[in-house]
Protein chains: 2
Amino acid sequence: MTTRRTLLKLGCVGAAALVNHPATAAEVCRNTDNDLRELKARIRNARLRPVSKLHSLTEPIIIDRVEMLRRDDQFLVRAVCTEGVTGWALANPGLMDSAFGIFVNRVAPFFSGKDARDLEMLLDEVFVTDSNYKWQGLALWICVARAELAILDLIGKRTGQPVHALLGGKLRDFVGLYHANGDRNHSAQWVVEKLKESVAESGARAVKFKLGARMHYTDASTARDHVLIPMVRKHFGDDMVIYADANSSYDVATALKIGRVMEAYNYGFFEEPVQFDYLQETKEVADGVSIPIAGGEQESSLWRFEWLIANRALQIVQPDLIYFGGLLRSLRVAAMAREAGIDIVPHISGSGLGSLYMAHFASVVSNTTEYQEYKGDPDKVPYEVTGRGGRFRAVDGRLAVPMTPGFGITFDPDYLSGLEPVRV
Amino acid sequence: MTTRRTLLKLGCVGAAALVNHPATAAEVCRNTDNDLRELKARIRNARLRPVSKLHSLTEPIIIDRVEMLRRDDQFLVRAVCTEGVTGWALANPGLMDSAFGIFVNRVAPFFSGKDARDLEMLLDEVFVTDSNYKWQGLALWICVARAELAILDLIGKRTGQPVHALLGGKLRDFVGLYHANGDRNHSAQWVVEKLKESVAESGARAVKFKLGARMHYTDASTARDHVLIPMVRKHFGDDMVIYADANSSYDVATALKIGRVMEAYNYGFFEEPVQFDYLQETKEVADGVSIPIAGGEQESSLWRFEWLIANRALQIVQPDLIYFGGLLRSLRVAAMAREAGIDIVPHISGSGLGSLYMAHFASVVSNTTEYQEYKGDPDKVPYEVTGRGGRFRAVDGRLAVPMTPGFGITFDPDYLSGLEPVRV
C-alpha cells in the first residue's frame, strides 16, 4: 500500500487519482523502485567524497603523539605534532571513565607518525587496524572522536585557522538553539515550568521534551504523554518550534497514536519513536505519520544511516557528534542526507564541550535546521573563549561561532599543568 | 525477480513454470509476503521465551558481588553469592585489557544483590540500566558475557549441576569440531600444509580457511582465492567438510563470483562475504548462490539477527558467544534460527576458554551442525578438568562435554591466590 508520506512526496500525481487507478499505482511502484536504487547510489557516493578542506593544506603536519591525560575526574586528549604545536580536546567524563582503556590501547597509538592532513582517511584506517571494527559502537567511536577533535585543534592552531574553516568554511556566524528538558519523573506541569525557565534564561526559540518511559512505556507514561503534548503547545503558543523525544519507548502501534497527536499540535519532529535498532519499524512509523521522524543518536553504522535515509525511515538524522566518531564522520552523514533532501540535527551531550564542537559543525552544514540541541556549559574544567574571554554559552538563543584558531578556546595553563598521563 | 534460492525454497511450484507465468509469480510474491510476516512474528516470539532452566531452581541464589581480578596480563571474573560459593570465568586478555573500565563501572555493580535465577531477565535489565544500551556492541557485551559465565559457574557449583544442565540439558556427550586457519599472508600451498598438520593433530573432520584480504580485496587476494578453493578440496577429497571465511572482504558482484566457485567445489558455507553490517547486500549474495551463507560474528543486535534470519540473508548464524553477550543471549539467537529451520554455529575466540564455553553451549542446541569452531587451548592460566585432570582439549576431532558442576574445570588455587582486584 502506498503510504501517506510516499503519496505526498510523489508530487507529480494527485494522491486521490492514484488510489482510484491501480495501474498507475503499479507504475509509480516501479518508478519508486528505480528512484530508490538511484538514490541509494547517490547516497553511497556522497559518503565516499571528501567532506573537509584538509587535503588542500600544503605543508605536512606529522602527528608525534595523541595522549589521554587526567586530572581528578576529568579526561583531556592532547595531540602534538613533530614541530611541537599542541591541540586539545575535552572528553565527557561520564563516558571516558569507562572507555579510556580503548583509547590508550587501540586508538592513540595508531595516530603516531601519521600526517594529520590525511585525517579523513585515517578514520577509515583506524577502524580496520588491529581489528578495531569488532569494537564498532560508542565505545570505539568516542575514543576516535576525541582523538579527531584534538588533531583538528592542532591543525587549526598550526595553520592559524578556526576548525570550521578546515571543515569547509562557515555558512553562518551564529547557530540557533533549542532547549531540551530531560525529565520523566515529574508532572507535565513541572516540565512546562522548567522549559519556560530554560527559555527565559537561554533565549532559545525551540524546545524539546521527553515522551514515554525510556526504552519502554507504561499506562502512566502514556497518560502523561497525552497531557504534555497539548499542554506544551498551549503554553508556548503557535510560534514556538516544539519537538519531543521518545528515547525508543514505543511499539509501532503506540508510536503511530502518539505521532498523530503530535501532528494535531504541529510538532516539529518526533524523535526515536521505537527501539533505535528497529529500522523497519522506524520506517513504518515514518510512513504512517506526516510529521518528521528524527533519530540516529545510537547509530554507529554508515550503512544503516544509508538505509534509514534512502528508505525515508528518518526525515531528520541525528548522529551524535561524539558517539558516531567525530565531526568528519558526522559530515559524511550530512552529505548522505543532503542527497535525499534531509536535514541533519546532531545529538550532543552537554559535558565534554558538546556545544562548542557542535557550533563548529553546525556552522558549516547547509542541510540543517535553525535550531541545534543546547545543553548549556556543564564542564568543570577552566577555559575561556580565546580573545573574547568568558565561557562558551548561548546569548539570545544562539551561539556565536568562534573565530580564533582551532576550536577557539584556551584551557587554563595552570589547570593543564596538573594533568597526569592515563596508563592501563 | 524471484531468485534461485527463493525458487528452490518454494518447493510447491516448479521454477521454470513460474518464470513463464507472471500471474503465478505475483501470487507467489504475495504468499511470500504473508509467509515473511508470519515467520517474523514467530522469530520475535522465540527470542522472548526462556532459554534455560534457571527459573525452575527452587532456592534463591543472591549474588553478593561480581569482581574483575587480574594477575599479570590475565583477567578473571569472580562471582560470589551471599552464602560464599564462588564462580569463575576467564576473560580474553586481548579484549579485556581495553574493556575492563566498562566491566568495573557499568556491569559489575549491577549484579550485586540480584537473584542469579533471574539471570535471563538481568541481561535485559543491565542493558537498559545507567543507559548501558548506548554501549551496544562488543565492548559492553563481552563484559556482560564474562559476568554471566562467572554467575553460571557459581549457580552450577551451588546446585551441583554442570552448566549445560542449567541451560536446558545436553543433547550430546561429544561436540565435533572444525579447524580454522587464519592466514592471509602465505601461499595457498602453505595454507593447505598447515590445515593438514592441524587436522592430523586435532583429528577434526572439517576445515575452514580465509578468503579475500580482510575488509577489502585486491587482485592478488582474489587470484589466491581462485587457487585455494579448488586446491583445498583436491587435497582433502570429497568427504571433508570445507568452509571458507571472507571476513567482510567483497562487494556483492565479487562475492557472487567467488560463491559460484565454492558451489562448484561443494563447500559447506561461505562466511561474511560482504561487510558485516551490509544486511541487504548479504541477502543479495545469499539469493544469488545455492551454498549456505554464514555470518553474525560482529552482530550485537537481536533485531538484526531477526532480520537476517527472516529474510534468509543467512543460512548459518554465527553469533560470537562472548561478543554477543554470553550463552543465554546466544541461545536466544539459536531459538530464533530454529523457527526458520536455520542452524547456529557460534563464532569463538580461542583465548578466554573459548572451547570450554562453546562445548557447554553446543551440547544443548538442537539446531547446530556436526562441526564447531575449534581454536585449541591457548590460555596461559593453569587449570585442570575437574575430576579427570588435564587441559580441556580435542581428542579424535571432538571435545568431551564436561560433567562436573559449573563449567567443569578447576583453576589452580595457588594461581588464584595471586590475583589482584582491578580498580579504575
Side-chain angles (χ1 to χ4, degrees), chain A residues 26 40 44 94-107 124-125 127-143 213-216 247-248 274-282 297-307 310-311 320 323 347 349 422 424, chain B residues 26 40 44 94-107 124-125 127-143 213-216 247-248 274-282 297-307 310-311 320 323 347 349 422 424:
Chain A
K40 274 184 181 168
R44 179 72 55 95
L95 297 175
M96 198 52 80
D97 65 346
S98 294
F100 64 86
I102 300 167
F103 188 95
V104 171
N105 285 335
R106 311 194 72 88
V107 172
D124 296 325
E125 281 184 19
F127 184 59
V128 176
T129 297
D130 197 20
S131 298
N132 276 340
Y133 55 82
K134 289 180 182 288
W135 297 75
Q136 47 167 321
L138 173 149
L140 173 67
W141 288 119
I142 63 172
C143 297
R214 196 173 193 98
M215 302 283 281
H216 72 293
N247 288 110
S248 295
V274 298
Q275 190 164 319
F276 52 78
D277 59 342
Y278 285 38
L279 271 50
Q280 183 65 40
E281 286 84 342
T282 302
E297 170 189 348
Q298 316 299 346
E299 193 49 77
S300 65
S301 160
L302 282 160
W303 187 92
R304 291 195 289 273
F305 268 118
E306 183 182 300
W307 193 97
N311 289 285
D320 182 284
Y323 310 167
H347 177 267
S349 302
V422 176
V424 294
Chain B
K40 273 183 181 169
R44 178 72 57 96
L95 297 176
M96 199 51 81
D97 66 345
S98 295
F100 65 86
I102 299 166
F103 187 96
V104 172
N105 285 334
R106 311 194 71 88
V107 173
D124 297 325
E125 280 184 20
F127 184 60
V128 176
T129 297
D130 197 20
S131 298
N132 276 340
Y133 57 82
K134 288 180 182 287
W135 297 75
Q136 48 167 317
L138 174 148
L140 173 68
W141 289 118
I142 63 173
C143 297
R214 196 174 191 96
M215 301 284 281
H216 72 294
N247 287 111
S248 296
V274 299
Q275 190 164 319
F276 52 80
D277 59 342
Y278 285 38
L279 303 195
Q280 183 65 40
E281 286 84 341
T282 302
E297 170 190 347
Q298 316 298 346
E299 194 47 78
S300 65
S301 160
L302 282 161
W303 187 90
R304 290 195 290 272
F305 268 118
E306 181 182 301
W307 192 96
N311 289 284
D320 183 283
Y323 310 167
H347 176 267
S349 302
V422 175
V424 295

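Reminder, nothing fancy here: chain letters follow the sequence lines and each chain counts from 1.
- The list of salt bridge (Lys or Arg N to Asp or Glu O under 4.0 Å) pairs with a residue in residues 96-106 of chain A, not counting sequence neighbours, reads A:Arg106-A:Asp130.
- Of the residues considered (A:Ala139, A:Gly137, A:Ser248, A:Ser300), A:Ala139 shows the highest number of contacts with chain B, using heavy-atom pairs under 4.5 Å.
- Counting heavy-atom pairs under 4.5 Å between each of B:Leu95, B:Asn247, B:Val128, B:Asp320 and chain A puts B:Leu95 at the top.
- For the pair B:Gln275 and A:Trp303, the minimum side-chain heavy-atom distance is 4.5 Å or more.
- The aromatic rings of A:Phe100 and B:Phe100 sit perpendicular to each other, their planes meeting at more than 60°, with 30° as the lower class boundary.
- Taking each heavy atom of A:Gln298 and B:Gln136 in turn, the nearest pair found is O-NE2, 2.8 Å.
- We find the NE2-CG distance between B:His216 and A:Asp124 to be 13.0 Å, quoted to the nearest 0.5 Å.
- The candidate from B:Glu297, B:Glu281, B:Lys134, B:Met215 with the greatest count of non-hydrogen atom pairs under 4.5 Å with chain A is B:Lys134.
- If you measure heavy-atom distances from B:Gln280 to chain A, the contacts under 4.5 Å come from both the backbone and the side chain.
- Between chain A and the options B:Val104, B:Ile142, B:Leu279, B:Val424, heavy-atom pairs under 4.5 Å are most frequent for B:Leu279.
- For B:Phe103, there are no ring-ring contact (aromatic ring centres under 6.0 Å, His included) partners at least two apart in sequence or on another chain.
- A heavy-atom distance below 4.5 Å is not found between the side chains of A:Glu306 and B:Tyr278.
- Closest non-hydrogen pair, B:Arg304 versus A:Asp277, comes out as NH1-CB, 3.8 Å.
- A:Tyr323 touches chain B through its side chain: at least one heavy atom from C-beta onward sits under 4.5 Å away, while N, CA, C and O do not.
- Looking at A:Leu140, neither its backbone nor its side chain comes within 4.5 Å of chain B, counting heavy atoms on both sides.
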